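These notes concern the structure reproduced below.
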Amino acid sequence: MARFIGRDRFLVGVDLSDKRGGRISLCRWKVDRGCSEDGVRPGLNKSRVWGAGTIADVGGGVVCMDAANGYTSSLVVVGGAGGRVVVVDMGRSGGGGIVAQCGGGVVKGLHSVHVAKSPAAGNAFLTSGTRGGLKLWDLRALERPAVHFVGHANRMGRVECCLSECGGFVVSGSEDAHAYLFDVKMGGGAVLRKIGGGIGGGGVVAGVDLFKSTLGLSGGEGKVSLYHL
């Protein structure tokens with residue numbers, strides 16, 4: 001798994017196949033565009049990724065990871081085996097290190113995290129789990145979640161979640177063939193809108209992404225739907 005960070009200046013990566021390892025690497029990258037013909041032929045382009053010398057060890061296997069990229073930030077949120085959620089500063093002098101941990105240290109059934117991608121919501125991130133629910137956290141106060149959202153169905157596997165650019169809305173996939181839109185100011189129990197239906201994939205909306213007022217949903221059969229909110 002890899003994520004861009006710091007306005008595309010760096011990549012952070014982790015090997016999810018290593019169940020016992022928790023080493024996160026910070027890398028630099030360069031794309032050699034070449035000419036329109038030769039740039040895509042094997043062995044002719046000089047695109048590369050190389051280590052930037054910063055490695056963080058969060059301990060234990062990594063389940064999920066996300067980082068802010070819409071503004072300059074070196075913070076990465078990592079979900080570990082057993083539901084442990086930690087915040088890592090990859091820009092710390094002398095190597096990356098854990099700077100914070102969610103209160104209680106555990107999100108039951110954790111399968112995904114989503115970090116705010118814009119300065120307007122820069123202190124917020126989401127965690128989602130099959131037994132831990134959908135929660136919004138504030139990096140400045142990690143003792144407990146700021147909001148716990150309920151209403152969607154997630155008991156079996158991974159369904160994604162995302163936060164709007166303004167930080168005021170949350171979207172989550174669900175196992176009932178719909179996506180759920182929540183208004184953060186209304187609290188976790190108020191579903192603002194139930195979206196979709198009949199997307200396929202066994203009735204599971206597994207993937208969600210929100211760009212301005214356009215919502216993208218995907219199901220288990222590869223079907224993708226777009227909605228204007």
Side-chain angles (χ1 to χ4, degrees), residues 1-14 16 24-29 31 49 52 54 56 58 62-79 85-92 96 99-100 102 107 110-129 134-142 145-149 152 158-173 179-185 188 192-193 195 205-218 224-229:
M1 175 182 287
R3 293 288 187 271
F4 285 104
I5 189 172
R7 292 186 174 179
D8 295 336
R9 292 179 58 207
F10 298 93
L11 277 169
V12 287
V14 63
L16 295 183
I24 303 171
S25 301
L26 183 69
C27 302
R28 297 297 299 268
W29 62 280
V31 174
V49 176
T54 302
V58 299
V62 174
V63 176
C64 50
M65 175 184 72
D66 200 15
N69 188 43
Y71 57 98
T72 302
S73 171
S74 59
L75 297 182
V76 180
V77 179
V78 181
V85 180
V86 297
V87 181
V88 179
D89 186 358
M90 298 300 292
R92 175 179 285 189
V99 295
C102 289
V107 176
L110 176 68
H111 53 63
S112 58
V113 297
H114 177 87
V115 177
K117 299 299 189 291
S118 69
N123 294 305
F125 70 92
L126 296 165
T127 61
S128 185
L134 176 63
K135 299 176 181 178
L136 177 69
W137 302 82
D138 189 325
L139 285 167
R140 299 164 296 185
L142 290 174
V147 184
H148 186 177
F149 300 96
H152 68 297
R158 177 186 173 94
V159 296
E160 293 182 350
C161 54
C162 65
L163 190 65
S164 66
E165 291 185 7
C166 66
F169 301 94
V170 169
V171 179
S172 175
Y180 286 75
L181 176 66
F182 300 92
D183 187 332
V184 174
K185 292 182 179 179
L192 185 63
R193 187 174 171 186
I195 306 162
V205 176
V208 300
D209 200 7
L210 184 62
F211 178 70
K212 296 184 178 179
S213 60
T214 301
L215 174 65
L217 307 179
S218 66
V224 177
S225 300
L226 296 177
Y227 296 86
H228 183 74
L229 301 180

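Fair warning: this is a prediction, and the values are worked out from it, not measured in the lab.
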Might you work through the side-chain contact (heavy atoms from CB on, under 4.5 Å) test for L181 and F169, ending with a clear yes or no?
CA-CA 7 Å; L181 176 66; F169 301 94; 4.0 Å; yes
Ring centres under 6.0 angstrom apart (F4, W29)
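Ring-ring flag for F4/W29: true, centres closer than 6.0 Å.
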Name all residues meeting the side-chain hydrogen bond (donor to acceptor under 3.5 Å, both in side chains) criterion together with [X]; count only those two or more places apart in sequence or in a different chain, and write none if there are none.
X	answer
K117	D66
S74	D89
D138	R140

Apply side-chain contact (heavy atoms from CB on, under 4.5 Å) to the pair C102 and F125, showing each step before the final yes or no.
CA-CA 11 Å; C102 289; F125 70 92; 3.7 Å; yes
Provide the closest heavy-atom pair for [X] versus [Y] in the form atom of the first, atom of the second, distance.
X	Y	value
M65	V113	C-CG2, 3.7 Å
H111	V63	CA-CG1, 4.1 Å
A67	V12	CB-CG2, 4.5 Å
L163	A124	CD2-CB, 3.7 Å
W137	L142	CZ3-O, 3.7 Å
G173	V159	O-CG2, 3.8 Å

Indicate yes or no: at least one non-hydrogen side-chain atom of [X] is less than 4.5 angstrom from one of [Y].
X	Y	answer
V147	V184	yes
L110	C64	yes
L26	I5	yes
L215	V171	yes

With side-chain contact (heavy atoms from CB on, under 4.5 Å) as the criterion, how do V76 and V87 come out once you've worked through the C-alpha distance, each side chain's angles and the decisive distance to 0.1 Å?
CA-CA 6 Å; V76 180; V87 181; over 6 Å; no
Nearest 0.5 Å please: distance from the [atom1] atom of [X] over to the [atom2] atom of [Y].
X	Y	atom1	atom2	answer
S225	I195	OG	CD1	11.5 Å
S218	E160	OG	CD	6.5 Å
L11	M90	CG	CE	11.0 Å
L226	L217	CG	CG	8.0 Å
L210	C162	CG	SG	5.0 Å
R3	I24	CZ	CD1	11.5 Å

Could you tell me if R193 sits above the aromatic ring of Y180, with its cationic atom closer than 6.0 Å to the ring centre and no more than 45 degrees from the axis?
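Ring-cation test returns no.
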Please check if the number of heavy atoms outside R9 that lie under 6.0 Å from its CZ is greater than 12.
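No - once you tally the heavy atoms of other residues, nucleotides and ligands closer than 6.0 Å, there are 12 at most.
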Step by step, work out the side-chain contact (heavy atoms from CB on, under 4.5 Å) result for H152 and L134.
CA-CA 9 Å; H152 68 297; L134 176 63; 3.6 Å; yes
